[in-house]
Colleague: 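Let me begin by handing over the structure; questions about it come next.
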Amino acid sequence: MRPLLSVFGILAACCLQRDPAQGQAGPHIPDSARAWWKEAVIYQIYPRSFKDSDGDGIGDLRGIISRLDYLQSLGIDAVWLNPIYASPNDDNGYDVSDYRSIMKEFGTMADFDELLKGLHARGIRLIMDLVVNHSSDEHQWFKQSRSSRNNPYRDYYHWWNAEDGKPPYRYSLFDINHDAWMYDSLTDAYYLHYFSRKQPDLNWENPKVRREVYDIMKFWADKGIDGFRLDAFQFAAKDTTFPEFPKGFEKDFTRYYAMQGNLHGYLREMNREVFSPYGIMGVAEGAGDTLEDAHNLVDAHRKELNMAYAFDGTNIFKPVGPRLLRLKEAFDRLDSSFGSSGWLAVYLANHDMSRLVSRMGNDRPAYRELSSKMLTTLVMTRRGTPFYYNGDELGMTNAGFTSIGEFRDVPTLDAYRREQKKGGDLRKFLQKIQFESRDNARTPFQWDGTAQAGFTTAIPWIRVNPNYTAINAAAQQNDPGSCLNYFRQLVKLRKQNEVLVYGNYTLRDRSNPRVYAFTREIKDHRMLVLLNFSAAAARVRPGVQTGRAKLLLTNYPSAPVSRPGEKEFSLRPYEACIYSL
Ligand code: GLC
């Protein structure tokens with residue numbers, strides 16, 4: 001499938017843009033090492049907040065259909081949709097009650113079919129979210145399972161009979177008490193839930209469960225989808241002796257929960273059953289606790305998944321000084337390990353984190369656009385497949401919620417209640433979630449300057465960010481210097497220069513506390529990327545010959561301060577420059 005050349009791609013003569021194809025490398029990569037999912041830019045859509053078509057305040061599939069031309073105009077190759085299956089929405093669709101039907105608020109199966117067709121017609125692939133570490137407690141399987149100890153679905157989930165005593169402590173990420181065992185009086189037993197009480201964990205050790213999941217995957221693969229993102233799958237297999245979780249290590253839960261039991265065996269089975277025969281892509285959320293764990297998921301000879309996204313580095317807030325050094329170290333470590341085998345997804349933001357520019361950049365008016373573009377540059381130029389979150393291409397910011405009543409995310413609200421119960425400082429806690437809560441990234445997409453940002457004609461399910469009057473797609477569409485058009489330029493640059501996909505990555509000026517600098521290189525084609533992470537001017541020594549450097553892209557409207565050939569480059573606040581060397 002070949003994406004059509006977008007009208008907007010041609011239109012966007014953003015900033016100081018030279019011909020991005022300049023210095024184009026020849027075909028250095030053998031066909032056997034190429035893959036569409038390595039070359040793709042994947043755009044994540046949070047359907048609940050993208051576009052409402054029927055005036056109920058909730059985004060839906062027809063809303064996405066109405067924005068297909070926008071998606072095409074971005075130049076992206078694939079869309080990853082957060083879950084759209086039937087769900088009581090305890091966790092915004094990550095609690096599935098029927099894997100073969102569409103959530104009522106999102107539309108119908110006919111809408112889905114039309115969406116898939118519309119994407120494919122524009123050369124855009126579709127990746128679905130597969131949530132099978134757990135289901136909803138309202139799924140038929142669980143309703144049956146909890147109904148009696150003898151029910152044939154009993155061992156679809158993990159149960160602990162009360163007569164065996166209280167089960168050893170297991171940590172739950174989302175439970176209000178963080179207790180992963182929930183007592184159910186109906187059968188006098190506890191069920192396991194690593195996430196919320198309404199998300200009971202499926203028993204992957206049961207071959208019937210696995211068969212059900214592969215059948216579900218085939219149902220969607222038969223429709224023609226192009227891949228699955230495996231939600232929280234690193235936790236799917238369990239040590240079913242359920243040893244006590246060591247108290248105090250809750251932040252390290254991945255070390256105790258990931259890659260247990262026969263997880264890799266299940267993935268190989270899934271690959272044999274679905275990924276290989278259908279030729280579709282699989283990407284894991286989470287990559288275990290060690291580099292070896294990550295390799296075991298994605299190394300091609302293992303025939304499990306194609307890529308995974310490692311969380312390393314992405315949770316570093318405002319990376320300047322020692323924090324920038326840690327960020328660089330984390331990414332460098334990943335790249336050196338995956339440069340020769342395996343493949344990683346690259347991201348800095350998604351629906352589980354606060355907004356990129358607010359968290360890692362600077363959302364004050366003077367720097368919002370510059371720092372947003374600088375961060376986008378990093379996502380699009382590292383080695384690996386970029387996963388880019390909707391709204392970041394506009395430089396959307398944190399929500400600016402002023403009271404707890406405006407938050408919607410259950411774990412955020414639970415954490416607030418816990419704080420309340422223990423008599424904590426609620427003002428301080430509110431400040432913390434104003435900065436950190438994942439609700440910040442879930443406010444409606446800002447389409448234009450009309451009421452509710454053009455997202456809906458009703459009251460939206462979560463408040464629109466009041467800055468929509470200034471920050472919106474319509475305002476940025478024809479502005480060559482906008483974040484939106486900068487993103488389009490970067491997508492184009494990446495596509496026209498395979499060095500940005502396959503080229504080796506070398507960190508430069510490693511100990512520089514303000515600037516992230518690196519080169520990408522394939523045979524005789526080399527690019528230099530310079531990113532100033534600070535709000536002050538900074539200097540960087542790239543340590544490479546730059547005499548013949550040609551500027552390909554910068555986030556500033558005027559030429560860089562330094563001239564090619566200088567040993568040390570000066571960068572303005574949050575400046576990003578890409579040179580061809
Ligand atoms: C993943 C999802 C997150 C969800 C959780 C439970 O981490 O990205 O949104 O809450 O899994 O399904």
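Numbering of residues begins at 1 and proceeds along the displayed sequence. Both ligands and their constituent atoms are indexed starting at 1 by order of listing.
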Colleague: Run the contact test for M353 against ligand 1 with a 4.0 Å cut-off on heavy atoms, strictly below, and give the result.
Modeller: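 False for this residue.
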Colleague: Considering only heavy atoms of H134, which atoms of ligand 1 have at least one such atom less than 4.0 Å away?
Modeller: 6 (C), 12 (O)
Colleague: Is it the case that the ring center of W220 lies less than 6.0 angstrom away from the ring center of Y278?
Modeller: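 Distance test on ring centres: not under 6.0 Å, no.
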Colleague: F435 and F317: aromatic ring centres closer than 6.0 Å?
Modeller: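 Yes.
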Colleague: Locate the shortest heavy-atom distance separating D293 from A287; write the atom from each residue and the value.
Modeller: CB-O, 3.5 Å
Colleague: Can you tell me which residue and heavy atom of the protein come closest to atom 10 (O) of ligand 1, and the distance to 0.1 Å?
Modeller: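 It is D91 OD2, 2.5 Å.
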Colleague: For atom 7 (O) of ligand 1, what's the nearest protein heavy-atom neighbour? Residue, atom name and distance, please.
Modeller: E285 OE2, 2.7 Å
Colleague: To which protein heavy atom is atom 1 (C) of ligand 1 closest, and what is the distance rounded to 0.1 Å?
Modeller: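 I find the closest protein heavy atom is D231 OD1, 2.7 Å.
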Colleague: For ligand 1, which atoms sit closer than 4.0 Å to a heavy atom of H351?
Modeller: 2 (C), 3 (C), 8 (O), 9 (O)
Colleague: Decide yes or no for F233 and L263: does some side-chain heavy atom of the first lie under 4.5 Å from some side-chain heavy atom of the second?
Modeller: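 Yes, their side chains come closer than 4.5 Å.
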Colleague: Treating Q234 as the side-chain partner and G288 as the backbone partner, does any N or O pair qualify as donor plus acceptor under 3.5 Å?
Modeller: yes
Colleague: Near F195, which atoms of ligand 1 are under 4.0 Å from a heavy atom of that residue?
Modeller: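 Checking each atom against F195, I get 5 (C), 6 (C).
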Colleague: At less than 4.0 angstrom from any non-hydrogen atom of F174, what atoms of ligand 1 do you find?
Modeller: 10 (O)
Colleague: Looking at the rings of Y70 and W447, which for Trp means the six-membered one, are their centres under 6.0 Å apart?
Modeller: yes
Colleague: Starting from atom 8 (O) of ligand 1, which protein heavy atom do you reach first, and at what distance in Å?
Modeller: D352 OD2, 2.5 Å
Colleague: Looking at R438, which atoms of ligand 1 are within less than 4.0 Å of one of its heavy atoms?
Modeller: 3 (C), 4 (C), 9 (O), 10 (O)
Colleague: Is there a donor-acceptor contact under 3.5 Å linking the side chains of S337 and H295?
Modeller: yes
